[in-house]
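Every number for a ligand or one of its atoms is a count from 1 in the order of the listing.
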Amino acid sequence: MTLFCHPGYFDAGLANVDPEIHAALAAEEDRQRSGVELIASENIVSRATLEALGTAMVNKTVEGYPGKRYYGGTEHADVIEQMAIDRAKALFGCAYANVQPHSGSQANLAVFLAFLEPGDTVLSMSLSEGGHLSHGSTANLTGKWFNIAHYGVREDDGFIDMDQVQALAEKHRPKLIICGGSAYPRCIDFSAFRIVADSVDAILLADMAHFAGLVAGGAHPSPIPHAHVSTATTYKNLRGVRGGLILASDLSLKRKLNSGVFPGVQGSVILNAVAAKAVCLGEALRPEFEVYAHAVLNNARVLAATLLDRGVEVVTGGTDTPLILVDLRPNRLTGVVASNSLERAGLTCNKNGVPGDIKPPSITSGLRFGVSAGTTRGFGAQEFETIGNLIADILHGLENRIANQSQLETRVASEVGAMTDRFPIYDTDR
Ligand SMILES: *Cc1c(COP(=O)(O)O)cnc(C)c1O
């Protein structure tokens with residue numbers, strides 16, 4: 001027994017060693033078990049993924065890429081990273097994959113670094129119309145160090161206007177054009193974006209963070225054949241560990257993209273995350289995942305249709321992705337009031353700006369819902385119709401300023417509890 005560590009250092013479990021943290025972790029598992037998770041950026045990973053995250057691979061430090069490392073003892077790390085790369089390439093049908101980005105934002109930043117110099121011009125969707133922080137928001141490094149021009153969506157129907165994109169590309173002559181966002185519910189016309197990019201000699205980056213699982217499962221068009229580079233997160237719709245991916249069909253971009261990640265924006269690899277990414281990508285290659293992807297799309301459409309039926313406005317009138325954006329302005333509600341009431345009722349979602357929103361990000365006039373997590377636990381069309389009705393009940397209660405909103409929240413919470421009991425996750429008696 002080493003004298004330099006607490007007793008049981010190599011063998012005692014967390015419950016014994018650190019009961020406070022253990023209790024908070026157990027409470028979080030309970031929260032996930034008993035609530036309906038509608039946050040679009042969340043999902044529920046497999047037990048196998050959790051296991052891959054918690055191994056002695058945590059102890060290993062490597063830099064560089066398989067076969068070209070800066071430290072020794074990398075043979076098993078190399079096997080794992082190469083397997084993750086090969087699976088990503090097989091899953092998305094591309095020639096190049098980088099599985100090291102610590103997050104989606106890191107993946108995007110590596111692409112900036114691979115192709116741009118500080119001050120270069122980038123054309124992307126604005127955050128307020130559905131883009132992402134890492135696409136040149138003024139608060140983000142990408143917005144501070146690069147010259148950003150933004151396109152938005154049409155005010156009347158919420159769709160991207162390709163004529164506006166073309167006009168802005170001609171006006172600003174960007175070196176990089178980005179499509180894909182965190183609150184855009186519709187299919188993006190990747191080939192139209194590529195035509196715009198080619199017309200001004202720009203690189204096209206497609207960020208498929210929110211719908212990568214649908215692409216993998218064949219329920220959404222793939223950007224890979226059209227974009228020069230695509231990025232994704234592994235933890236949203238792809239149903240894996242927190243992290244990012246960079247993909248490309250043109251292998252000649254490999255050197256630039258690899259050095260954009262390392263040594264560009266990252267140092268050593270989070271190898272346990274890479275192992276868990278390999279597990280996630282392996283799971284996504286199984287036939288069940290294709291069924292999952294189609295169920296996600298169907299569930300999202302059922303939820304959108306139910307909300308519309310109940311007089312809740314859905315931006316663009318529907319969805320082609322796992323996410324739905326609701327405009328609360330017709331109900332004279334704010335996102336913050338609505339999401340707080342929904343959370344008290346056991347329905348977790350997030351407040352979100354809507355196109356043309358004048359409310360600040362801390363208030364907003366909208367809500368964003370995602371069905372990826374609920375679908376993983378087994379919810380089908382029937383459950384999402386119920387969820388849509390429960391959401392509408394809460395929103396109409398707020399809208400009509402009913403006296404007993406808290407009673408309504410309690411009633412909805414008990415229906416949520418009954419539903420989640422029927423679809424258990426992470427068996428506690430294991
Ligand atoms: C979620 C998301 C990302 C990545 O976010 P991280 O929190 O950095 O992992 C990138 N792009 C888009 C469009 C996203 O929605």
Verify the ring-centre separation between Phe193 and Tyr151: is it less than 6.0 angstrom? yes
Report yes if the distance between the aromatic ring centroids of Phe384 and Phe369 is under 6.0 Å, otherwise no. no
Partner set under salt bridge (charged side-chain N to carboxylate O under 4.0 Å, His left out) for Lys359, not counting sequence neighbours: none
Side-chain donor-acceptor pair present, Thr321, His220, cut-off under 3.5 Å: no
Return the protein residues near ligand 1 (heavy atom under 4.0 Å from any of its atoms), ordered by chain and residue number. Ser103, Gly104, Ser105, Asn108, His132, Gly181, Ser182, Asp207, Ala209, His210, Thr233, Tyr235, Lys236
Strictly distance-based, threshold 3.5 Å: is any side-chain N or O of Thr376 a donor or acceptor partner for the main-chain N or O of Ser372? yes
Tell me whether Gln266 contacts the main-chain N or O of Gln100 through its side chain, where contact means a donor paired with an acceptor under 3.5 Å. yes
